[in-house]
Visitor: 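Handing you this structure, nothing more for now.
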Amino acid sequence: MGLPCIATKGYADIGEGSPITVYNAAGQIVGIGALGKGRTVDTAGSCLFPFGVAGIPSDSKFYQVEVSHRGKVTYSSGDVDQGKVVLLTLGT
């Protein structure tokens, strides 16, 4: 555990540098970031990638976060304000 992550099983687009896009309620892009260097977190090879997106305006009712092209995940503005956007998952 703690070793660098290697993309397998259809996740070749997920890795260090993969894009993170944040959208507001109107569907406009309000922030862009990237995944950091990943590390394995268990014996099954699950990976954890740190990320951050600075400068997001606080005037939207909700926000959507998308990693690479994997679909948007919606968070309320309250969740964002309270720092609850800390874990996004892919796969099972």
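Numbering of residues begins at 1 and proceeds along the displayed sequence.
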Visitor: Name all residues meeting the side chain to side chain contact (heavy atoms under 4.5 Å, CB included) criterion together with Glu16; count only those two or more places apart in sequence or in a different chain, and write none if there are none.
Guide: Lys37
Visitor: Roughly how far, to the nearest 0.5 Å, is OG of Ser18 from CZ of Phe51?
Guide: 12.0 Å
Visitor: Checking side-chain contact (heavy atoms from CB on, under 4.5 Å) for the pair Tyr63/Ser77: CA distance, chi angles, key distance, verdict?
Guide: CA-CA 7 Å; Tyr63 297 88; Ser77 59; 4.0 Å; yes
Visitor: Run the side-chain contact (heavy atoms from CB on, under 4.5 Å) test on Glu66 and Val73 for me, step by step, so that the C-alpha distance in whole Å, both residues' side-chain angles and the decisive distance to 0.1 Å come before the verdict.
Guide: CA-CA 6 Å; Glu66 183 172 37; Val73 179; over 6 Å; no
Visitor: Would a 4.5 Å heavy-atom cut-off, applied to side chains only, mark Leu35 and Ile14 as touching?
Guide: yes
Visitor: Are Val67 and Tyr23 co-members of a hydrophobic cluster defined by side-chain heavy atoms under 4.5 Å apart?
Guide: no
Visitor: Without swapping roles, check the side chain of Ser60 against the backbone of Phe62 for a donor-acceptor pair under 3.5 Å.
Guide: yes
Visitor: Is the closest side-chain heavy-atom distance between Val22 and Gln64 below 4.5 Å?
Guide: no
Visitor: Do you know which two heavy atoms are closest between Ser68 and Asp13, and how far apart they sit?
Guide: OG-OD2, 2.7 Å
Visitor: For residues 24-31, dump all side-chain donor-acceptor pairs below 3.5 Å to protein atoms at least two apart in sequence or in another chain.
Guide:
| from | atom 1 | to | atom 2 | distance (Å) |
| --- | --- | --- | --- | --- |
| Asn24 | OD1 | Ala26 | N | 3.0 |
| Asn24 | OD1 | Gly27 | N | 3.1 |
| Asn24 | OD1 | Gln28 | N | 2.9 |
| Asn24 | ND2 | Gln28 | OE1 | 3.0 |

Visitor: Return each pair, listed once, that meets disulfide (SG to SG under 2.5 Å) where at least one residue sits in residues 13-61; pairs must be two or more places apart or across chains.
Guide: Cys5-Cys47
